[in-house]
Amino acid sequence: MLIYSVFGRYIGVRREQDRWLVFRIDMTERKYSRLRECVIPDTLTEDEIPRWLDDIFHESATEKHPGVIRIE
């Protein structure tokens with residue numbers, strides 16, 4: 001699973017059966033749950049995902065968390 005810090009929130013993305021699935025991640029307990037309200041187009045490449053997450057969640061930007069960073 002790809003894990004990103006998206007403006008301070010941990011979001012996981014995993015490819016499954018030609019679809020991108022999105023998850024909320026609890027990094028402390030390493031638990032995750034589906035985030036169904038966020039849909040990543042199946043045609044995006046792995047390299048395009050950070051930009052997409054930035055576009056979707058940009059309202060959450062703060063001085064402390066200004067962007068999307070890949071963690072794992």
Side-chain angles (χ1 to χ4, degrees):
M1 181 177 310
L2 307 169
I3 299 178
Y4 300 90
S5 173
V6 180
F7 305 107
R9 282 180 25 183
Y10 292 107
I11 302 290
V13 178
R14 180 174 68 204
R15 188 82 172 173
E16 192 172 288
Q17 297 178 354
D18 298 326
R19 298 178 22 185
W20 291 111
L21 303 179
V22 182
F23 300 87
R24 277 188 197 94
I25 304 289
D26 178 336
M27 292 298 284
T28 305
E29 297 186 25
R30 301 299 282 194
K31 292 183 180 180
Y32 55 90
S33 60
R34 273 292 298 277
L35 186 60
R36 296 183 188 277
E37 57 269 15
C38 179
V39 177
I40 296 176
D42 301 332
T43 57
L44 288 187
T45 66
E46 185 176 314
D47 292 337
E48 295 171 311
I49 290 174
R51 174 67 181 180
W52 181 261
L53 292 172
D54 186 278
D55 288 346
I56 297 299
F57 293 105
H58 69 272
E59 287 101 7
S60 300
T62 64
E63 279 189 40
K64 185 174 181 181
H65 300 288
V68 175
I69 302 167
R70 179 146 177 212
I71 303 296
E72 294 180 8

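In what follows, residues are counted from 1 in the order of the sequence shown.
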Can you establish whether the number of heavy atoms outside Glu59 located under 6.0 Å from its atom CD is more than 12? yes
Within this structure, what is the CG-CZ distance for the pair Asp47 and Arg70, rounded to the nearest 0.5 Å? 9.0 Å
Is it possible for you to say whether Val22 and Met27 belong to one hydrophobic cluster, with membership spreading through side-chain heavy-atom contacts below 4.5 Å? no
Do you know the tightest heavy-atom contact between Pro66 and Ala61? O-CB, 4.4 Å
Working to the nearest 0.5 Å, report the span between CZ of Phe57 and NE2 of His65. 15.0 Å
How many angstroms lie between CZ in Arg15 and CE in Met1, if you round to the nearest 0.5 Å? 14.5 Å
State yes or no: do Leu21 and Val68 share one hydrophobic cluster built from I, L, V, M, F, W and Y residues joined by side-chain heavy-atom distances below 4.5 Å, directly or via other members? no
side-chain contact (heavy atoms from CB on, under 4.5 Å) against Thr43, all qualifying residues, sequence neighbours excluded: Pro41
Taking the side chain as C-beta and beyond, is there a heavy-atom pair between Phe7 and Asp54 under 4.5 Å? yes
Kindly compute the distance separating CD1 (Ile3) from CD1 (Ile11), expressed to the nearest 0.5 Å. 10.5 Å
Residues Ile56 and Cys38: closest non-hydrogen pair is CG2-SG, 4.5 Å
So, taking the atom named CH2 in Trp52 and the one named CD1 in Ile40, what distance separates them when rounded to the nearest 0.5 Å? 8.5 Å
Which atom pair, heavy atoms only, marks the closest approach of Tyr4 to Ile71? C-CG1, 4.0 Å
Answer with yes or no whether the hydrophobic clustering places Tyr10 together with Leu2; edges join I, L, V, M, F, W, Y residues whose side-chain heavy atoms lie under 4.5 Å apart. no
Residue pairs, two or more places apart or on separate chains, that pass side chain to side chain donor-acceptor pair (under 3.5 Å) and touch residues 27-40: Arg24-Glu37, Glu29-Lys31, Arg30-Glu72
Identify whether Leu53 and Trp20 are in the same connected component of the hydrophobic contact network (ILVMFWY, side-chain heavy atoms under 4.5 Å). yes
Flag yes if Ile25 and Val6 sit in one hydrophobic cluster, no otherwise; membership is Ile, Leu, Val, Met, Phe, Trp, Tyr, and two members link when side-chain heavy atoms are under 4.5 Å apart. no
